[in-house]
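Before any comments, here is the structure.
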Amino acid sequence: MKQRLRFLLPLFLLLLLLFVVQKGVFMLYNMGMANGAPFLSCMASLWYGLRLDIATACYLIILPTVVVLISFFFKKFPLRKVLMPYYILVAIVLSLIFVSDTILYNFWGAKLDANDLIYAAKPKDMLASLPIWATILAFIVVAAIVVGHVLLFRWVTPRDLKQQSLWGAIVLLPLAALIFLGMRGGLSESTANPSYAYFSKYPFCNHAALNPAFNIFHSLFKVQDLSKEFDTLPDEQVDLLLGDSFESDGTLKETLLRIDRPNVLLIIWEGAGMGMVGSDTVAPNLHQYMRDGVYFSNCYANSYRTDRGLISVLSGWLGLPTTTLMKRPDLCRNLPSIASSLKEAGYSTSITYGGDIDFTNMRLYFSETGFSSVLGGDAFPSSHRTGAWGVPDHYLLTPDLIPAERPFFSTALTLSSHEPWEVPMHRLDDYRRNSFAYTDSCIGALISDLKATPLWDSLLVIIVPDHGIPFREGMPTSEVSVAHIPMLWLGGAIRGPRTVDLLMNQSDLAATLLAQMHLDITPFVFSRNVFGTKYAERKPFATHAVKNRLNYIIPEGCASYDCVTSTLDPANPDNQRFVEALLQRVYKTSAALSSH
């Protein structure tokens, strides 16, 4: 039994050591890409990348562990001979990934993922960035590393294993549980994903921490050729059908702000559709703000999950009914965002979430799209992490959200109004509505505190949900009333209260806000400035994507497009062609993000 453990543990530690050494080589080779990253932050990459290194090593020792279990049935098992082909394969794969990732990063500025495997069929294209001498040297280095890996694997592997009682195999079963835990990335809500490696405001440090083998194999099962989906119409016809629906228009028919560069606090309220917060009994503060601020009364969420809603709110992107871009690092890192636009305009940018910020790659998306400070639940004291999802909203929604730097764009993502609806307040008997009443009270307390400070005069507070939720038992998520959400602007930076009844999506926030600040909105190809001089003249519509279905909302009502059967209900040939053109445009534009 000891002989078997003395093999598996050193093999696991050897793999970890190889990954750490690879990180060091990666950083040394690409130091010119560090862009001012401090030495200590670079060294921290070794620590913050360890969870993904452990996950990768656990995946790689599955087969050796199975072989060890099989060995209990043999008098003398030739372990080294059996595992040698596997070692050679692993050595080749790891070496090719490591060398390719290290060399090409200097040219591409991004980590390899499964999307880059399309170049494997055309090595000439993949190596086009390299001079001839570097290509030859790369193959020599790969060969040397393969030999080195195989020799090290061979060194820690006994030649033979002696037969032992089958009880020994049962003793090894807890080891299988530990391997599974390592593969999963621990006991947190999120499973191991590239976001685990993102800890720094310096992209180079995050990229150094990210295990390239893990990144490729993690993305391998998420690759989807979006350009091939909904590809039914000639591009010229798509352009004709959509017309000027998304034409960039930075003009202003009406000015909402007293100052061009307000400080901005964005509160993204978990699940707060109008079906849940439409009553002032549930959300008295929200309803007071509807009277005090600018209330967008005809706004619809673009999708039905937080990871999708965040991309719509922050990047001005439409919801996709068959996938989420946040789980595609190759795509979501190239999205435009309010944060990146304001950062270019001199703003400090931060986002705070009281839960697991690695869930669905959120940390990666935030870090890559302009947020200099990205804080999750682990930034709060452990005594505050008492909710099912993390930190209750009264710990999140405090004046601590306001950074010292000016001007600032600070974003808070709430979490308490989410199942299991457990909150530290009991005011309403309906436990779901009570959770929304609790978050409403937290927002009210924060606004009251901010009103008492000089900051209020230059502050724009925006409150918008990430999505809505069914508000009656048995109600499907796809029902259009679920998507109806409030959006409010308030603070001393606005000119005065008013209600805006223009039909719009939450994705229109980006262009509308930046146009009010006289900033460029052209990167936001699906976000519309609703105060543009031509917006009201165009065909007004909103969309709401759920799984395999797209709701198309127009003043006359709502039509629902089934992505599986390619049918629109109620049937209308003109509306169907428009929806099909819209889906084709969104998917092709999303696919093109990988080439940015």
Legend entry - Side chain to side chain, L265 and I462, heavy atoms closer than 4.5 Å: no
Legend entry - Side-chain touch V150/M84, heavy atoms, less than 4.5 angstrom: yes
Inset, instruction - Would you check, one step at a time, whether the test side-chain contact (heavy atoms from CB on, under 4.5 Å) holds for T65 with I179? - result: CA-CA 9 Å; T65 302; I179 291 173; 3.5 Å; yes
Legend entry - Short side-chain to backbone donor-acceptor contact, S337 and T369, under 3.5 Å: yes
Inset, instruction - May I have the step-by-step check of side-chain contact (heavy atoms from CB on, under 4.5 Å) for F526 and S507, ending in yes or no? - result: CA-CA 7 Å; F526 294 116; S507 56; 5.9 Å; no
Legend entry - Inter-residue atom distance S416.OG - L397.CG, 0.5 Å rounding: 8.5 Å
Inset, instruction - Would you check if there is a donor-acceptor pair between the side chains of Q506 and H467 at a distance under 3.5 Å? - result: no
Legend entry - Straight-line distance of K201 NZ to N206 CG, nearest 0.5 Å: 12.0 Å
Inset, instruction - Determine whether the side chains of D307 and T360 contain a donor N or O and an acceptor N or O closer than 3.5 Å. - result: no
Legend entry - Minimum heavy-atom distance between I521 and S248, given as atom pair plus value: CG1-OG, 3.4 Å
Inset, instruction - Look at atom OH of Y86 and say whether more than 12 heavy atoms of other residues, nucleotides or ligands are closer to it than 6.0 Å. - result: yes
Inset, instruction - State, with a plain yes or no, whether a side-chain heavy atom of Y365 is found less than 4.5 Å away from one of R333. - result: no
Inset, instruction - Calculate, to the nearest 0.5 Å, the distance between atoms NZ and SG belonging to K23 and C42 respectively. - result: 13.5 Å
Legend entry - For M362 against I357, the heavy-atom pair lying closest together: CB-O, 3.3 Å
Inset, instruction - Classify the angle between the aromatic ring planes of F371 and F366 as parallel (below 30°), tilted (30 to 60°) or perpendicular (above 60°). - result: perpendicular
Legend entry - Student check: side-chain heavy atoms of V461 and L446 closer than 4.5 Å: no
Legend entry - Sidechain N-carboxylate O distance under 4.0 Å for D249, R528: no
Inset, instruction - Spell out, as yes or no, whether a donor-acceptor pair under 3.5 Å connects the side chain of T352 to the backbone of A412. - result: no
Inset, instruction - Compare all side-chain heavy atoms of I351 with those of S373 and state whether any distance is below 4.5 angstrom. - result: no
Inset, instruction - Report the relative orientation of the aromatic rings in F153 and Y87; use parallel for angles under 30°, tilted for 30 to 60°, perpendicular for over 60°. - result: tilted
Inset, instruction - Go through the steps to decide whether S195 and N361 satisfy the test side chain to side chain donor-acceptor pair (under 3.5 Å), and finish with yes or no. - result: CA-CA 5 Å; S195 186; N361 275 333; 4.8 Å; no
Inset, instruction - Examine distances only and state if a side-chain atom of R261 and a backbone atom of A345 form a donor-acceptor pair shorter than 3.5 Å. - result: no
Legend entry - Nearest non-hydrogen partners of L252 and A515, listed with the distance: CD1-O, 3.6 Å
Inset, instruction - Please confirm whether the backbone N or O of D393 pairs with a side-chain atom of T414, one donor and one acceptor, at under 3.5 Å? - result: no
Inset, instruction - Kindly say whether V99 contributes a backbone atom to a donor-acceptor pair with the side chain of T102 at under 3.5 angstrom? - result: no
Inset, instruction - For the residue pair L16 and I54, establish whether any side-chain heavy-atom pair is separated by less than 4.5 Å. - result: yes
Inset, instruction - Output, in order, the C-alpha distance, side-chain angles, deciding distance and verdict of side-chain contact (heavy atoms from CB on, under 4.5 Å) for Y353 and E270. - result: CA-CA 11 Å; Y353 173 54; E270 168 68 43; over 6 Å; no
Legend entry - Heavy-atom closest pair, residues T157 and L83: CG2-CD1, 4.4 Å
Inset, instruction - With rounding to the nearest 0.5 Å, note down the distance linking CG in N215 to CG in L52. - result: 8.5 Å
Inset, instruction - Would you mind reporting whether P321 and Y304 have side-chain heavy atoms less than 4.5 Å apart? - result: no
Inset, instruction - Before accepting this row, confirm whether a basic side-chain N of the pair D466/R305 lies closer than 4.0 Å to the acidic partner's carboxylate O. - result: no
Legend entry - Aromatic ring proximity Y395/H384, centre distance under 6.0 Å: yes
Legend entry - Donor-acceptor contact below 3.5 Å, side chain S340 vs main chain P336: no
Legend entry - D508 side chain vs N505 backbone, donor-acceptor pair below 3.5 Å: yes
Inset, instruction - Please confirm whether R51 makes a cation-pi placement over Y196, using NZ or CZ under 6.0 Å from the six-membered ring centre and within 45° of the ring normal. - result: yes
Legend entry - Minimal non-hydrogen separation, L550 against G319, with atom names: CD1-O, 4.5 Å
Inset, instruction - Assert yes or no for the condition that the ring centre distance of Y347 to F409 is strictly below 6.0 Å. - result: no
Inset, instruction - Please check if the side chain of R154 supplies one atom and the backbone of R80 the other of a donor-acceptor pair under 3.5 Å. - result: no
Inset, instruction - Mark yes or no for whether N193, through its side chain, and F359, through its backbone, hold a donor-acceptor pair below 3.5 Å. - result: no
Legend entry - Donor-acceptor under 3.5 Å (R363 side chain, Y198 main chain): yes
Inset, instruction - In plain terms, say whether R585 and D239 are close enough for a salt bridge, that is, a side-chain N and a carboxylate O under 4.0 Å apart. - result: yes
Legend entry - From V238, L583, D235, residue fulfilling side chain to side chain contact (heavy atoms under 4.5 Å, CB included) relative to K588: D235
Legend entry - Approximate separation, where rounding is to 0.5 Å, of L342 CG and T349 OG1: 8.5 Å
Legend entry - Enclosure of F408 CZ (heavy-atom neighbours >12, cutoff 6.0 Å): yes
Inset, instruction - I would like to know whether Y587 and T322 meet side chain to side chain donor-acceptor pair (under 3.5 Å); could you show each step before the answer? - result: CA-CA 10 Å; Y587 273 78; T322 65; 2.6 Å; yes
Legend entry - Student check: side-chain heavy atoms of I259 and P262 closer than 4.5 Å: yes
Legend entry - For S200 against Y202, the heavy-atom pair lying closest together: OG-N, 2.9 Å
Legend entry - Working for side-chain contact (heavy atoms from CB on, under 4.5 Å), residues L415 and W269: CA-CA 8 Å; L415 55 70; W269 187 349; over 6 Å; no
Legend entry - OG on S590 to CG on N334, rounded to 0.5 Å: 11.5 Å
